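In each ligand, atom 1 is the first atom listed, and ligand 1 is the first ligand listed. These values consider heavy atoms only, across backbone and side chains, with no hydrogens, waters or symmetry-generated copies. Everything quoted here is computed from the prediction, not taken from an experiment.
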Amino acid sequence: MAAPLYQCPKGTHDILPDEHLYFSFIKKVVRYHCRRAGYRRISTPMFEDINVFVRSIGDTSDIVEKEMFVFESKSGKKYALKPEGTAGVVRAYLQNGMQQLPKPVELYYIEPHFRYNRPQKGRYRQFHQFGAEILGESDPAIDAQVIYLAHKINTDLGIADRLTLQLNTLGSLEDRKKYKEDLVNYYTGKERSLCEDCKRRLHNNPLRLLDCKEEDCQILASMAPKLSSVLSEESKEHFRLLQEYLKELKVPFILNEQLVRGLDYYTHTVFEFWSKKDGAQNAIGGGGRYDGLVELMGGPATPAIGFAAGMERVIEYMKEAGIRPPNKDAVDVFVAQLGLIAKKKALPLLNELREKGINTVGAVGQASIKSQMGLADRIQAKYSLIMGQIEVQEGTIILRDMKKGSQETIPFEGIVDKMVRLLGENKLKNKKLWEE
Ligand code: AMP
């Protein structure tokens, strides 16, 4: 077959129907747990004024330096496709006066994000994240609850036992300032052993030297002074309480003093869910506290914490674990018909079955019964209902159990109710599908 004329852009991918089963399932689990815990859903635009990201994520972070899709409007205004969720949520929080709402304000999102990075397995230019943010409360019990929410979602998706929760504290903004000085002192004179990126980072974002993946940089990082040595008593207490709460909630974690996260805005708690197999390489998500961000974006001082996870990576883990999401698209009934009068009866029958919540497909073209039944087989319909001229005249219909291969002729009257009973009252219960 000749190569198609057009391909989707590099680093993007089509989500085909089989893949959507995973996305739908993940969304359902996320929505379920977020709602139960009082979070409400928010969506922000796919693009924002570029300064929303530069200001919040920090102009020395990898995302802002290298990974944003930036474009200009005709009037010359600069925008960027959103590379992460928190900056837009904070912008929306302030713009919509949400600081007036009772605290804490709990929000969640499920959205596509965009990063201009080198595409590889598990790394795309358009990817999907779900995430949650709690604004307006600084107690470490909130940190524990946010982490619990992420852990619970991982558990229900069946992937928690493939992950480790890495936990660290970055202390307050003052602690970090002091620590940065210590780091610069430690690295000064050792620049020659650093990679090019780290040489640059030493001057504009020394904390990032700690999570560089280059071997030589990692050796130096392992001997660098620890942030724990400069933490204030208050920061230590926050972190100590968080660990106690996590133990109460039975969320296992590993303390990792080198975990810093890529973004500038974090303070105190930071965490990531790493692969037990590949460590940080294939992290599925992470987050942390960002007590200074709302103020930095022009709002009142507002403590906050959040997390985000990548859905494509979650799906990879689910597949590795052999987890198959329920197939809500599975066809329950196939309606086959032959001849004009049968077709006239089949059309309303299709609709009546669908209105009862039964997934129903009908071949209403001109095909022979044989080819219609071939189609019913291919789409793996559970039952077929078959009608020709004779059945219509006799007021009957043929019901075929596709798995068993058996069939019987039964009265047409009451066929919808019979199918409802056959397919299990439980599944159907006349529930509107959009209400789930
Ligand atoms: P981050 O805030 O950068 O740690 O991103 C949170 C999660 O989003 C990561 O752990 C990944 O699961 C996912 N993610 C981030 N960037 C990408 C990408 N380029 N492609 C696919 N998933 C990504």
Ligand-residue contact atoms, ligand 1 with Gly310, heavy atoms, under 4.0 Å: 7 (C), 8 (O), 12 (O), 13 (C)
Quiz item: cation-pi between Arg115 and Phe69, 6.0 Å / 45°: no
Atom indices of ligand 1 within 4.0 angstrom of Ile284 heavy atoms, with elements: 7 (C), 9 (C), 10 (O), 11 (C), 12 (O)
Phe71, CZ: over 12 other non-hydrogen atoms inside 6.0 angstrom: yes
Ring centres under 6.0 angstrom apart (Phe239, His268): no
Sub-4.0 Å heavy-atom contact, Gln129 with ligand 1: yes
Heavy atom of Arg123, distance to ligand 1 below 4.0 Å: yes
Nearest protein heavy atom with distance in Å, relative to atom 20 (N) of ligand 1: Tyr124 N, 2.8 Å
Protein heavy atom at shortest distance from atom 11 (C) of ligand 1: Arg313 NH1, 3.5 Å
Glu272 N/O to ligand 1 N/O under 3.5 Å: no
Polar contact flag for Gly286 and ligand 1 (N/O pairs, less than 3.5 Å): no
Gln218 CD: over 12 foreign heavy atoms closer than 6.0 Å: yes
Parallel, tilted or perpendicular: ring planes of Phe273 versus Phe271, cut at 30 and 60 degrees: perpendicular
Identity and separation of the nearest protein heavy atom to atom 2 (O) of ligand 1: Arg261 NH2, 3.2 Å
Under 4.0 Å to a heavy atom of Gly122 - the qualifying atoms of ligand 1, by number: 20 (N), 21 (C), 22 (N)
The one among Phe114, Phe127, Trp274 that brings a heavy atom closest to atom 17 (C) of ligand 1: Phe127
Sidechain-backbone polar pair: Arg354 side chain, Thr360 backbone, donor-acceptor under 3.5 Å: yes
Nearest-contact summary for atom 3 (O) of ligand 1 - protein heavy atom, Å: Arg115 NH1, 2.8 Å
His128 touching ligand 1 at heavy-atom level, < 4.0 angstrom: no
Ring geometry between His128 and Phe23 (parallel below 30°, tilted from 30 to 60°, perpendicular above 60°): perpendicular
Neighbour count >12 (heavy atoms, 6.0 Å) for atom CD, Glu248: no
Closest non-hydrogen atom pair between Lys82 and Pro112, with its separation: CE-O, 3.8 Å
Check: Gly285 N/O within less than 3.5 Å of ligand 1 N/O: yes
Subset of ligand 1 atoms that lie under 4.0 Å from at least one heavy atom of Asn117: 19 (N)
Under 4.0 Å to a heavy atom of Ala283 - the qualifying atoms of ligand 1, by number: 9 (C), 10 (O), 11 (C), 12 (O)
Salt bridge flag under 4.0 Å for residues Arg200 and Glu65: yes
Contact check: Glu312 vs ligand 1, nitrogen or oxygen atoms, below 3.5 angstrom: no
Polar contact flag for Ala308 and ligand 1 (N/O pairs, less than 3.5 Å): no
Centroid separation Tyr290 to Tyr265 less than 6.0 Å: yes
